[in-house]
Visitor: 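The structure's right below; bear with me while I get my questions together.
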Amino acid sequence: MQQQDSQVAGIVLAGGRSRRMGRDKAALEWEGEPLLARVVRIVGRRCDPVLVVAPEESAAYQALYGTGGPEARWVTDETPGAGPLGGLAVGLAHAADTGARWAFVCATDMPLITAELIDELLRGVTESTQAVIASDAQRDHPMAGLYRTDAAGVIADLTAGGERRMLAALDALTTHRVAVGNPDWLTNVNAPEDLHRLHV
């Protein structure tokens with residue numbers, strides 16, 4: 001599919017509570033910039049616009065909104081407690097409003113993400129798919145994938161029914177899995193030791 005001829009939005013989910021890290025992951029410094037700023041900058045190499053989904057009461061919003069850095073639109077109207085699946089539904093709806101047919105979705109805690117990951121997922125898009133998800137030898141990574149923006153309603157229905165698992169989105173959508181060229185792109189950091197391990 002000649003996806004490069006179409007607009008692809010970016011959605012960075014940043015509303016998590018970072019319990020295991022002990023402090024907000026979005027504001028953690030990585031190579032001289034907040035982790036969220038780095039992820040937004042990289043996603044912005046392939047996606048326009050880039051939406052950051054985080055409620056106003058979130059640590060990410062409180063620490064980083066209005067502080068400059070890479071251009072992003074903040075989306076703050078996700079339902080509290082709906083988890084990343086709720087953030088996905090709201091982000092896709094806003095991305096659809098911008099005219100984008102597809103959106104690349106990732107989490108704020110992926111310091112090794114690259115634009116090449118997005119390129120590989122784009123090559124997996126077909127007319128019949130609703131989601132193209134990165135996978136490695138261990139598991140699927142629903143927080144590193146392309147989603148059709150018109151799937152927002154399906155995801156919203158899941159959350160309205162009490163579903164919170166991101167993997168439920170893959171079951172509800174026509175999903176294609178892509179074994180990415182470099183599994184390190186999918187690394188996320190959940191605890192201080194994860195950061196330390198990546199730096200050594």
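Treat the numbers as computed from the prediction; the structure is a model and nothing was measured.
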Visitor: For Leu85 and Ala169, work out which heavy atoms get closest and say how close.
Guide: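 Closest approach of Leu85 to Ala169: CD1-CB, 3.9 Å.
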Visitor: Let me see the working for Thr174 and Arg148 under side chain to side chain contact (heavy atoms under 4.5 Å, CB included), right down to the final yes or no.
Guide: CA-CA 10 Å; Thr174 303; Arg148 282 262 300 265; over 6 Å; no
Visitor: Please determine whether a side-chain nitrogen of the Lys or Arg among Arg46 and Glu120 lies less than 4.0 Å from a carboxylate oxygen of the Asp or Glu.
Guide: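 Looking at Arg46 and Glu120, the cut-off is not met.
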Visitor: Between Glu33 (side chain only) and Leu35 (backbone N and O only), is there a donor and an acceptor less than 3.5 Å apart?
Guide: no
Visitor: Measuring only between side-chain heavy atoms, which start at C-beta, is Pro34 closer than 4.5 Å to Leu28?
Guide: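 Not in contact.
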Visitor: Rounded to the nearest 0.5 Å, how far apart are CG of Asp119 and CG of Leu121?
Guide: 9.0 Å
Visitor: Does some side-chain heavy atom of Leu51 sit less than 4.5 Å from a side-chain heavy atom of Pro49?
Guide: yes
Visitor: Please round to the nearest 0.5 Å and tell me the distance separating atom CG of Leu117 and atom CG of Asn182.
Guide: 9.5 Å
Visitor: What is the minimum heavy-atom distance between Thr126 and Trp102, and which atoms define it?
Guide: O-CZ2, 4.2 Å
Visitor: Minimum heavy-atom separation for Arg45 and Ala115, please, with both atom names.
Guide: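 For Arg45 and Ala115, the tightest heavy-atom pair comes out as CB-CB, 4.2 Å.
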Visitor: My understanding is that only residues two or more places apart in sequence, or in another chain, count here; which of them pass salt bridge (charged side-chain N to carboxylate O under 4.0 Å, His left out) with Asp48?
Guide: none
Visitor: Does Thr149 use its side chain to pair, donor to acceptor, with the backbone of Ala100 at less than 3.5 Å?
Guide: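 Yes, the answer is positive, given that a donor and an acceptor are paired below the 3.5 Å cut-off.
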Visitor: Tell me, with the steps shown, if Tyr147 and Ile133 meet side chain to side chain contact (heavy atoms under 4.5 Å, CB included).
Guide: CA-CA 8 Å; Tyr147 293 83; Ile133 302 301; 3.4 Å; yes
Visitor: Would you mind listing every ring pair (Phe, Tyr, Trp, His ring centres under 6.0 Å) that reaches into residues 73-99, with sequence neighbours excluded?
Guide: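 Pairs touching residues 73-99 that pass the test: Tyr61-Trp74, Tyr65-Trp74.
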Visitor: For Val12 and Cys106: C-alpha separation, side-chain torsions, deciding distance, then whether side chain to side chain contact (heavy atoms under 4.5 Å, CB included) applies.
Guide: CA-CA 5 Å; Val12 182; Cys106 68; 4.1 Å; yes
Visitor: Could you state the interatomic distance from CZ (Arg123) to CG (Leu146), rounded to the nearest 0.5 Å?
Guide: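 Going from the CZ atom of Arg123 to the CG atom of Leu146 covers 11.5 Å.
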Visitor: Under the rule for side-chain contact (heavy atoms from CB on, under 4.5 Å), what residues qualify as partners of Asp171, not counting sequence neighbours?
Guide: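 Residues passing side-chain contact (heavy atoms from CB on, under 4.5 Å) with Asp171: none at all.
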Visitor: I need the minimum non-hydrogen distance between Leu173 and Ala131, along with the two atoms involved.
Guide: CD1-CB, 4.1 Å
Visitor: To check you understand the geometry: which heavy-atom pair defines the closest contact between His176 and Gly124, and what is its length?
Guide: CD2-O, 3.4 Å
Visitor: What is the distance from atom CG of Leu186 to atom CE of Met110, rounded to the nearest 0.5 Å?
Guide: 5.5 Å
Visitor: Examine distances only and state if a side-chain atom of Asp136 and a backbone atom of Arg139 form a donor-acceptor pair shorter than 3.5 Å.
Guide: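 Present.
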Visitor: Return the minimal non-hydrogen interatomic distance between Ile11 and Leu92, and the atom names on each side.
Guide: CD1-N, 3.6 Å
Visitor: Using the rule given for side chain to side chain contact (heavy atoms under 4.5 Å, CB included), can you reason through Gln7 versus Arg101, listing the C-alpha separation, both sets of side-chain angles and the distance that settles it, and then say yes or no?
Guide: CA-CA 7 Å; Gln7 178 190 3; Arg101 187 180 181 201; over 6 Å; no
Visitor: Return the CG to CZ distance between Leu158 and Arg164, rounded to the nearest 0.5 Å.
Guide: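 Those atoms lie 10.0 Å apart.
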Visitor: CZ of Arg73: more than 12 outside heavy atoms within 6.0 angstrom?
Guide: no
Visitor: Could you check Asn188, Val53, Leu36 and say which one makes a side chain to side chain contact (heavy atoms under 4.5 Å, CB included) with Thr108?
Guide: Leu36
Visitor: To the nearest 0.5 Å, what is the distance between CE on Met143 and CE on Met166?
Guide: 5.5 Å
Visitor: Flag the pair Ile118 / Trp185 as yes when at least one side-chain heavy-atom distance between them is below 4.5 Å, and no otherwise.
Guide: no
Visitor: Less than 4.5 Å apart, any side-chain heavy atom of Val180 and any of Ser135?
Guide: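 Side chain of Val180 against side chain of Ser135, heavy atoms only: no contact under 4.5 Å found.
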Visitor: Testing Val178, Val8, Val132 one by one against Val125 for a side chain to side chain contact (heavy atoms under 4.5 Å, CB included), which residue passes?
Guide: Val132
